[in-house]
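Working notes, structure below.
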2 protein chains.
Amino acid sequence: MLSKKTQYAFRALTHLAENYGEGPVLISDISERRKIPLKFLENILNEMKKAGILESKKGKGGGYILKMAPNKIKLSTVIRLVNGPIALLPCVSLNFYRKCDDCDETNCGLRRVMAITRDATLKILEKKTLADIVFEEQAGPKTLR
Amino acid sequence: MLSKKTQYAFRALTHLAENYGEGPVLISDISERRKIPLKFLENILNEMKKAGILESKKGKGGGYILKMAPNKIKLSTVIRLVNGPIALLPCVSLNFYRKCDDCDETNCGLRRVMAITRDATLKILEKKTLADIVFEEQAGPKTLR
DNA sequence: ATAATATCCTACCAAATAAGTAGGAAATTC
DNA sequence: GAATTTCCTACTTATTTGGTAGGATATTAT
Ligand code: FES
Ligand code: FES
């Protein structure tokens, strides 16, 4: 499961995506409108800035902006940044690889299945971007299952 | 990511699957051969028994057995049992649904994408069973990536 | 200059979860 | 009734999560 922090990150990014091209948005603004604890949000946004997907400006008229267009920011990027590995096992993670203790990697059946799972997940998360999330929200209420 | 406990569970189950039809296997046996902390493994196996996928016998000649054939035990079942939800958000979990705080479900773009991701993951994990894991191991070393 | 506005930085804290241990009770077999 | 083996309850410890506090630093406006 994604951490609460990651959910906050997405909510904030969605907000920024909606305001893309209209200048900086205040942390306090995002915090209020999206119901995210202010100080926590500060940290989150700052992290994403350091990671290169946000830009910031201090002082009056300042705030945060997406560093690139919403359709350039992949969900996989955000998740890896804020949440960590996408794979279900360290040994099949592309970006956070770590060997499994006491398990023979070249011979591990679980590992192979989890590699397949990772690929299926990634196929979606590498394709979907913030723009897709915004679009879905504007498409109006939908019930899903 | 799957917890270490879940990895242990899978290692143990794989071992039991390999010995399926040959009578009970001792906890201590699994513990040694698969390098899993004994007392921890005790708890894990017992949990899975209560959940209905294992059977046990006490006393001499006792031990654990799979309650059904390896190809009847889905990976999704095991993960849900030991690890918890498979979905990336509580609001899209089929078996562990919980509402997200401060997020309008009927209108949430992230939710929709995560529902798609969940489906893709489940499509694999509901299909693959312990038998597949065992088969992969017997298919011999393979390098993946 | 200097006050006001905002982000940035360092550090800390509490609650929850994960990972594992200890010790004996209960059932089964020999 | 002794040996074997799982079962049960409870505890401990380490790590991660979800924050908070307080001031430093940069920018703008007067
Ligand atoms: S090598 Fe990672 S689970 Fe076997
Ligand atoms: S409702 Fe679950 S993330 Fe929006």
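The model shown is predicted, which means the values in this text are computed figures rather than measured ones. Numbered from 1 within each chain, the chains take letters A, B, ... in sequence-line order.
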Practice prompt. For residues L66(B) and A17(B), report the shortest heavy-atom separation together with the two atoms involved.
Written response: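 Nearest pair, atom of L66(B) first, then A17(B): CD1-CA, 3.7 Å.
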Worksheet item: Where is the tightest heavy-atom contact between M68(A) and G52(A), given as atom of each residue plus distance?
Response: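 Shortest heavy-atom contact: CE-O, 3.7 Å.
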Item to complete: Mind listing the residues from residues 19-37 of chain A sitting with a heavy atom below 4.0 Å of DNA chain D? Number order is fine.
Response: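 Within residues 19-37 of chain A, the residues near DNA chain D are P37(A).
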Worksheet item: For T106(B) and D104(B), does a side-chain donor sit closer than 3.5 Å to a side-chain acceptor?
Response: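 Yes - a donor-acceptor pair under 3.5 Å links their side chains.
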Worksheet item: Using a distance-only test with no angle check, is there a side-chain donor-acceptor pair under 3.5 angstrom linking S28(A) and S31(A)?
Response: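 Per modelled atom types, S28(A) and S31(A) side chains form no pair under 3.5 Å.
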Atom [atom1] of [X] to atom [atom2] of [N]: distance rounded to whole Å?
X: L45(A); N: dC8(C); atom1: CG; atom2: C1'; answer: 12 Å
X: M1(A); N: dT17(D); atom1: CE; atom2: P; answer: 13 Å
X: F40(A); N: dC12(C); atom1: CZ; atom2: P; answer: 19 Å
X: I65(A); N: dT7(C); atom1: CD1; atom2: C1'; answer: 13 Å
X: E55(B); N: dT5(D); atom1: CD; atom2: P; answer: 18 Å
X: L2(B); N: dA19(C); atom1: CG; atom2: C1'; answer: 15 Å
X: L41(A); N: dT7(C); atom1: CG; atom2: P; answer: 9 Å
X: E47(B); N: dC8(D); atom1: CD; atom2: C1'; answer: 13 Å

Item to complete: Using side chain to side chain contact (heavy atoms under 4.5 Å, CB included) as the criterion, point out the one residue from T129(A), I86(A), I133(A), D132(A) that pairs with L75(A).
Response: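 Running side chain to side chain contact (heavy atoms under 4.5 Å, CB included) over T129(A), I86(A), I133(A), D132(A) with L75(A) returns exactly one hit, I133(A).
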Discussion item. Using modelled atom types and a 3.5 Å cut-off, is there a donor and acceptor pairing between side-chain atoms of E137(B) and backbone atoms of G109(A)?
Written reply: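 Pair found, side chain donor or acceptor close to backbone of G109(A).
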Worksheet item: Any donor-acceptor pair under 3.5 Å linking the side chain of N83(B) with the backbone of S3(B)?
Response: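 Looks like yes, one N/O pair under 3.5 Å.
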Worksheet item: Hey, which of K99(A), R111(A), R112(A) is the one that makes salt bridge (charged side-chain N to carboxylate O under 4.0 Å, His left out) with E105(A)?
Response: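 The residue from K99(A), R111(A), R112(A) that satisfies salt bridge (charged side-chain N to carboxylate O under 4.0 Å, His left out) with E105(A) turns out to be R111(A).
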Shorter than 3.5 Å, N or O on both sides, protein versus nucleotides 23-28 of chain D: list them out with atom names.
residue	atom	partner	partner atom	Å
dA26(D)	O4'	K58(A)	NZ	3.1

Below the 4.0 Å mark, does [N] have OP1 or OP2 next to a side-chain nitrogen or oxygen of [X]?
X: N43(B); N: dG20(C); result: no
X: K49(B); N: dC7(D); result: yes
X: S56(A); N: dA6(C); result: no
X: S3(B); N: dA19(C); result: yes
X: K50(A); N: dC9(C); result: yes
X: N46(B); N: dT6(D); result: no
X: Y8(A); N: dG19(D); result: yes

Worksheet item: Tell me the salt bridge (Lys or Arg N to Asp or Glu O under 4.0 Å) pairs involving residues 6-34 of chain A, sequence neighbours left out?
Response: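 Checked against salt bridge (Lys or Arg N to Asp or Glu O under 4.0 Å) - neighbours excluded - the pairs reaching residues 6-34 of chain A are E18(A)-R34(A), D29(A)-R33(A).
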Discussion item. If the threshold is 4.0 Å, N to carboxylate O, is there a salt bridge linking K50(B) and E47(B)?
Written reply: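 A salt bridge is absent here (no side-chain N lies under 4.0 Å from a carboxylate O).
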